[in-house]
Protein chains: 2
Amino acid sequence: MSEVSTIKITKTTKSRLSETDLKNVPFGKIFTDHMLVADFVNGAWQEPEILPYQPLSFDPSLSAIHYGQSIFEGIKAYHNVRNETVIFRPYDNFARFNQSAVRMQMPEVPEEIFIEGMKELINLDKAWIPGYDNHALYIRPFMFSTDTFIGVRPSSTYKFMIILAPTGPYYSKPVRIAVEEKYTRAAPGGVGQAKNAGNYGASLKPTSDAQAQGYDQILWTDAFEHKWLQEVGTMNVFFVLKDKVLTPSLEEGTILDGVTRRSAVVVLREMGLNVEERKVSIDELIDEYKKGNFLEAFGTGTAATISPIKELAYKDEHLVFDLEKSSQTSIELGKRLSDIRLGIVEDVHGWIEKI
Amino acid sequence: MSEVSTIKITKTTKSRLSETDLKNVPFGKIFTDHMLVADFVNGAWQEPEILPYQPLSFDPSLSAIHYGQSIFEGIKAYHNVRNETVIFRPYDNFARFNQSAVRMQMPEVPEEIFIEGMKELINLDKAWIPGYDNHALYIRPFMFSTDTFIGVRPSSTYKFMIILAPTGPYYSKPVRIAVEEKYTRAAPGGVGQAKNAGNYGASLKPTSDAQAQGYDQILWTDAFEHKWLQEVGTMNVFFVLKDKVLTPSLEEGTILDGVTRRSAVVVLREMGLNVEERKVSIDELIDEYKKGNFLEAFGTGTAATISPIKELAYKDEHLVFDLEKSSQTSIELGKRLSDIRLGIVEDVHGWIEKI
């Protein structure tokens, strides 16, 4: 980062940090003192600005509310063991954000705004990074359309923002998951690979229905046969068999190309495991489970990190995992990723961005 | 409507009506003097209120922006030939709005707020209804989630609003349409039948790509084979053959159950035509076109009303319609619907709601 910031900063006159219990902060409800804002107007990005965190004003005809041009990312920053402030793979999220922008017919955000703006903002609010195990500063870059017009067309104006939320663990315990047989998250040619607001809104009823049956989340299946596994709620998913680790592949464009997923594939291979990214059907998993070969399942995500799965339910089949005995892989993977983030081991992949 | 309103009204002190050219008003950019607002808090709808049209304040973590719980409707009001103010089939839109709400895990809006609130609002701003051919007052009810929380879960608070926009014709000329071969709007089990914001945002890039090729809109096809026809942009679609009229059926839940579509099916049957609601493939249409049996195509929608299609393009096939010679059906349908709305013929179906 350049020594002299080029971003205009207006500091808060009244920090809320002293009233915040960083150790027990709930996920996603408490935001730091400042936010980054940049407007896209007349075909060009205007100078970004850092302002005190504050409400925005919008017209009831705001395009994003009516037509859903709205995308986001989730990234985390940490204090490492040398008390440096680090961000995990922000360039990966930056690239994905702009891929989402293209799919949603929104302008791409330049690196000077996304990456440099993020660093500047975190630097200003770094005292908000919780110094506790499994805690982090959750970074939420997002962009939405701001035309005040209710005809269906791409907006001509947009707002890019970054807000920061100190956070503890997202899922506090291992999850029970229902394999979805009726609802569809995405089909090829749709927006399943984009991190747009609409994908999440559409997932809430199927998830709530599963929760009413006693599950925590659903494992989405393909739109055609409802047997090819996709992703879970806010996570990609991995299945550990005796001789390999399976994770659904990305080529159909129906699931999110997760940054934690991508990191997990690399680290699992470093652990000597045979990772196969390919189509995975629930039938194959049931078969392997019955043979005693299906040992472990876990989800990966920026918010969720590495989240062990306690049960996969599909029709009358319940694949139950004894987490006391069989979560070696997810525990080891989680530890290795954590060691990289915290600077306990060397970052040989160039995943860590220091501020 | 009850004589005495129960809705609290705060009138504007400065109407913008005198500065508005109702004859040349652009679609969806100019809003009337007032808006209706009702909040869902603590599990219950609060008293709706009519306020001067004004900006809202929202936190950057507004749930709707991040997770897309956002739905809307489009309805039109007119002055009929007896100078009564009438709304076309608002109860149909009311029912569909609540179906969208259920799919998006949002609370249903009660009739007292949706219908009575709409009538009250229109009554207050009825001087804004343009008295010109093909003009109307476009009514936009919408609801979005308002929690300030960036975890993925259904919001616990929502805002329902109605805003009104005086409007002229939406498409000013017959449209050229490309049949989509790559992108997907919806698959069974998805949210294609819901009028949620995300569906529209996802449609913009495919539409823009087609526009770059010289087309006005795309005709969506199914997610699996890209040959079963779905809907067009903001319209349902009808194909007039020599001995029947075809329109894609609703049973897969991938297309919008349009109120104008529903009205068109009834009126076309009254015109003595044989209307088939069923799966329609592009192959069938090309075949009929080559035999000289495919006479006419048009779209239907609240904003678009009845919109003749000039061309359907699919791979190397261009089905071109001579609108001078062959748009009798859409013209007659449009006239009959208009006569019902304007009170020139009797409303035997109970479609007209007087204020």
Side-chain angles (χ1 to χ4, degrees), chain A residues 27-29 31 35 53-61 64-70 72 102-105 138 140 142 144-145 148-154 161 163 165 170 182-191 194 196-205 208 223-224 226 233-234 303, chain B residues 27-29 31 35 53-61 64-70 72 102-105 138 140 142 144-145 148-154 161 163 165 170 182-191 194 196-205 208 223-224 226 233-234 303:
Chain A
F27 181 88
K29 282 188 180 167
F31 300 94
M35 62 189 197
Y53 189 91
Q54 61 190 281
L56 308 167
S57 170
F58 77 102
D59 193 88
S61 65
I65 291 290
H66 295 263
Y67 300 124
Q69 275 188 296
S70 196
F72 69 94
V102 168
R103 181 60 183 85
M104 299 300 286
Q105 196 68 21
Y138 183 82
R140 170 57 60 93
F142 60 109
F144 58 97
S145 55
T148 55
F149 172 59
I150 56 166
V152 179
R153 66 149 197 222
M161 297 185 66
I163 57 177
Y170 188 79
K182 173 182 160 199
Y183 290 110
T184 302
R185 179 179 171 277
V191 289
N196 77 89
N199 284 348
Y200 295 83
S203 77
L204 297 173
K205 178 176 168 53
S208 292
F224 309 147
H226 288 295
T234 59
Chain B
F27 181 87
K29 282 187 181 168
F31 301 92
M35 62 189 197
Y53 189 90
Q54 62 190 281
L56 308 168
S57 171
F58 77 101
D59 193 87
S61 65
I65 291 290
H66 295 263
Y67 300 123
Q69 275 188 296
S70 195
F72 68 94
V102 168
R103 181 60 184 85
M104 298 303 283
Q105 197 66 23
Y138 182 81
R140 170 57 60 93
F142 60 109
F144 57 97
S145 54
T148 55
F149 173 59
I150 56 166
V152 179
R153 67 150 197 220
M161 297 185 66
I163 57 177
Y170 188 79
K182 176 182 158 198
Y183 290 110
T184 302
R185 181 179 171 278
V191 288
N196 77 90
N199 284 348
Y200 295 83
S203 77
L204 297 173
K205 178 175 168 54
S208 292
F224 310 145
H226 286 297
T234 59

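Chain letters run A, B, ... following the sequence lines, proteins first, then strands; residues in each count from 1.
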Select, from Q54(B), Q105(B), M35(B), K182(B), the one with the greatest count of heavy-atom pairs under 4.5 Å involving chain A.
-> Q105(B)
Give the member of F72(B), F144(B), F58(B) that has the highest number of heavy-atom pairs under 4.5 Å with chain A.
-> F58(B)
May I ask you to name which of A64(B), G198(B), P154(B) has the most heavy-atom pairs under 4.5 Å with chain A?
-> P154(B)
From M161(A) CE over to I65(B) CD1, what is the distance, rounded to the nearest 0.5 angstrom?
-> 10.0 Å
Who among A197(B), G190(B), G151(B), S203(B) has the most heavy-atom pairs with chain A under 4.5 Å?
-> A197(B)
Kindly indicate whether the side chain of H66(A), heavy atoms from C-beta on, has any atom under 4.5 Å from the side chain of Y200(B).
-> no
Using ring pair (Phe, Tyr, Trp, His ring centres under 6.0 Å) as the criterion, list what pairs up with Y138(B), not counting sequence neighbours.
-> F27(B)
Is any side-chain heavy atom of I150(B) less than 4.5 Å from a side-chain heavy atom of F31(A)?
-> yes
Do S57(B) side-chain atoms and P55(A) backbone N/O form a donor-acceptor pair below 3.5 Å?
-> no
Kindly indicate, with the supporting measurements, whether the criterion side chain to side chain donor-acceptor pair (under 3.5 Å) is fulfilled by Y53(A) and D59(B).
-> CA-CA 9 Å; Y53(A) 189 91; D59(B) 193 87; 2.5 Å; yes
Hey, which of A187(B), G68(B), P188(B) has the most heavy atom pairs under 4.5 Å with chain A?
-> G68(B)
Atom group of V191(A) that falls short of 4.5 Å from chain B, counting heavy atoms = side chain
Distance from R153(B) atom CZ to S208(A) atom OG, nearest 0.5 Å?
-> 11.0 Å
Side chain to side chain, Y183(B) and R103(A), heavy atoms closer than 4.5 Å = yes
Sort F142(A) into side chain, backbone, both or neither according to what part of it lies under 4.5 angstrom from a heavy atom of chain B.
-> side chain
Can you say whether L56(B) sits under 4.5 Å from chain A via the side chain, the backbone, both, or neither, judging by heavy atoms?
-> both
Euclidean distance, M104(B) CE relative to L204(A) CG, rounded to 0.5 Å | 7.0 Å
